[in-house]
Structure formats: structure tokens, C-alpha cells
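See structure below.
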Amino acid sequence: RNYTTGFYFKTKEVNDDPKVHYFRKNAAVITMNRDIIEEVDFEGARFLHITGITAALSADTLDALYAAIEKARANNMFISFDPNIRKQLWKSEECMVDTLNALASRCDLVLPGIKEGKTLTGKDTKEEIADFYLKRGAKAVIIKLGEEGAYLKTETEDKVIPGFVVKEVVDTVGAGDGFATGVLSALLDGESYEQACVRGNAIGARMITSKEDNEFLPTREELAERLKYYADHFWLMFDGDKLISFVDGMVTDRADLTDDMYERAEMHDENGAWQMIFGVNTVPEYREKGYAGQLIKRAIEDARAQGRKGL
């Protein structure tokens with residue numbers, strides 16, 4: 001039997017997110033089944049990441065996911081799951097909800113967006129959504145909150161990790177995949193869930209500044225370099241162990257903040273005359289309490305103590 005190559009078109013909208021049109025009918029991917037998974041050597045692999053899109057394509061691809069999960073468990077692998085809801089691929093919403101929640105219950109980490117979480121659980125808050133999956137077996141739940149960042153909940157952690165300020169949003173398609181890339185690559189590097197969320201937020205923010213879905217994904221080395229440049233120029237505020245606000249920016253001899261500073265971390269000059277402020281980020285429930293102002297004040301004091309001309 002002949003099969004086609006699956007593909008999709010993405011439209012450009014003036015005042016809305018792009019619309020994506022999928023062409024997967026009779027695509028070769030629907031032939032993926034349990035037998036193919038059995039032929040894959042999982043030995044030495046540490047992570048398995050699965051997506052709800054694969055579950056929606058056919059009965060065989062769904063069964064292939066269950067086979068992959070079974071094989072990953074047998075090899076003591078960490079399993080993560082991004083629901084990636086695509087309603088047009090499902091025969092009904094009830095089938096979609098039941099299937100995706102069944103898959104999520106077999107995974108260690110669940111990565112829904114806030115709207116996806118509400119659809120799948122019927123819950124209204126991020127805390128309730130996280131509890132829904134934790135009670136069903138997940139070790140951690142990270143909920144994507146858009147510009148607010150990400151919400152992390154485990155048995156011992158319950159916090160919002162603020163997102164990064166983006167001056168101009170070009171295209172939001174691919175931001176979720178970029179976020180997952182950041183989170184999983186950080187966990188593979190041995191970072192904590194919180195640090196994984198920081199990396200996920202950073203890559204997700206970078207993604208939406210490009211019209212391409214993966215054009216701006218940084219390498220591990222590039223991301224490490226950026227964090228290295230800015231490590232001493234983040235001002236953080238905590239409520240107990242919860243990060244509630246932060247301010248950040250590079251140092252330079254240029255008095256004016258320009259677009260290229262957001263894009264080129266290497267422009268940071270530790271001996272520069274001016275401390276730039278790239279963003280002020282505060283968890284929503286802590287806003288309008290003066291916390292960001294306190295951080296700005298501290299940044300000013302530190303800049304003065306370091307002999308800078310100003311902010």
C-alpha cells in the first residue's frame with residue numbers, strides 16, 4: 001500500500017495566533033505500531049517523551065505509545081508527556097480526554113498548557129490541575145502559563161517560575177515544544193525541576209520571537225553562555241522557597257537600551273558604565289505589593305556601589 005508524507009500549513013494572522021492546517025490522512029506515520037516499537041533498542045536510553053498528537057492518529061499509533069511506555073518502564077527510564085491537544089484529530093472530546101488522561105497517568109512528568117489542563121481535568125486552577133495528575137501517579141506536573149511563566153508542583157514543591165519578557169511576539173507556534181525542549185534537556189543535564197522550568201521559559205520566550213518553529217532554538221552551549229553572562233545580574237525575591245519576582249539585565253558602555261542587546265548575550269561587559277534592565281517579572285498574586293520596586297531599588301544600589309553611571 002502507498003502512503004503519503006504528512007505535512008501542515010501555517011497561516012499568518014494579523015491580530016491572532018497562526019492557524020495550522022494538518023494533512024495527515026493516509027500518512028506513513030499511521031502505520032507505526034507495537035511491532036515497530038519492539039524492534040527499537042531502548043538500552044542505555046534515559047528518557048522517553050511522548051505526545052498526545054501521536055495518540056490521536058490511529059489505533060495502531062496509540063498502541064505503539066503504550067508499548068513504548070511499557071518498554072521504557074522495563075528499562076527504568078523517565079517518561080514525560082505533553083498532551084499537545086489537537087481536537088480536529090479526535091473523533092470526540094470525550095475520547096480525547098479519556099485517552100490523554102490514561103496516558104498521563106502512566107508518566108512521571110506531565111506538561112500541559114493551562115487551557116489544556118482545564119479541558120482535560122475539568123478543573124479551574126493550576127493547583128487543581130496539578131493535583132489531578134499527581135493523584136494519578138505523576139511525580140511532577142509543570143503547567144505552561146504563557147507570559148506568566150510556568151507552574152511547578154511535586155510532592156515537595158509548589159511554585160510559579162516567572163517567564164522572560166519578550167519585547168515583540170512574532171509567532172507563538174512552537175513555543176510549547178521549545179519549552180519542553182528546555183525542561184527535558186535541563187533534567188537530562190541533572191538540573192532541578194525549578195532550573196528546568198527556567199530553561200524552558202527561556203527557550204519558549206526565544207521561540208516566539210521568530211516566525212519559524214525551531215529557527216531560534218539555542219544549543220546547550222549557547223544557553224549556558226547566556227546564563228553565564230547574566231548570572232551576576234539577576235535580582236531575585238523569594239517568599240520562603242518560592243521565587244516571586246526577579247529583575248535582570250546586562251552591563252554595557254552604551255547608555256541606551258537597544259534590540260540587539262536582547263539577542264546578543266556577548267555584548268555584556270562586566271566593566272561597562274551602564275546597568276541595563278531587560279525585564280521586571282512578578283508572579284501575578286504578588287503584584288501591586290511593591291516587590292518589583294524593591295528589586296529595582298536594590299539594582300540601583302548595586303549599580304551605584306559598582307561605580308556604574310546609572311540604569
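Just so you know, residue 1 is the first one in the sequence shown, and it goes up from there. The model shown is predicted, which means the values in this text are computed figures rather than measured ones.
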Do V29 and Y3 touch side chain to side chain, with heavy atoms closer than 4.5 Å? no
If we ignore hydrogens and angles and just use 3.5 Å, is the side chain of K153 paired with the main-chain N or O of I129 as donor and acceptor? no
Using a strict cut-off of less than 4.0 Å between a Lys/Arg side-chain nitrogen and an Asp/Glu carboxylate oxygen, indicate whether D60 and R34 qualify as a salt bridge. no
With distance as the sole test, does S92 use its side chain to make a donor-acceptor pair with the main-chain N or O of C95 at under 3.5 Å? yes
Are any side-chain N or O atoms of N33 and backbone N or O atoms of D35, one a donor and one an acceptor, separated by less than 3.5 Å? yes
Could you tell me if the side chain of K87 sits less than 4.5 Å from the side chain of E93, heavy atoms only? yes
Taking the side chain as C-beta and beyond, is there a heavy-atom pair between H233 and H268 under 4.5 Å? yes
Look at E270 together with R308 and state whether they make a salt bridge at an N to O cut-off of under 4.0 Å. yes
Carboxylate-amine/guanidinium proximity below 4.0 Å for R136 and D131: no
Relative to F42, does K71 satisfy both conditions: NZ or CZ under 6.0 angstrom from the six-membered ring centre, and within 45 degrees of the ring's axis? yes
Contact between S80 and I50 at the side-chain level, heavy atoms closer than 4.5 Å - yes or no? no
Side chains of N201 and E147 in contact at under 4.5 Å (non-hydrogen atoms): no
Taking E116 for its side chain and I85 for its backbone only, find out whether a donor-acceptor pair lies under 3.5 Å. yes
Quick test of your reading of the model: are D302 and R298 salt-bridged, counting only N-O distances below 4.0 Å? yes
Is V251 close to W274 at the side-chain level, that is, under 4.5 Å between some pair of heavy atoms? no
Would a 4.5 Å heavy-atom cut-off, applied to side chains only, mark K139 and L109 as touching? no
Between R106 and A102 (side chain of the first, backbone of the second, donor and acceptor by atom type, cut-off under 3.5 Å), is there such a pair? yes
Given side chains that start at C-beta, do those of T252 and M261 come closer than 4.5 Å, heavy atoms only? yes
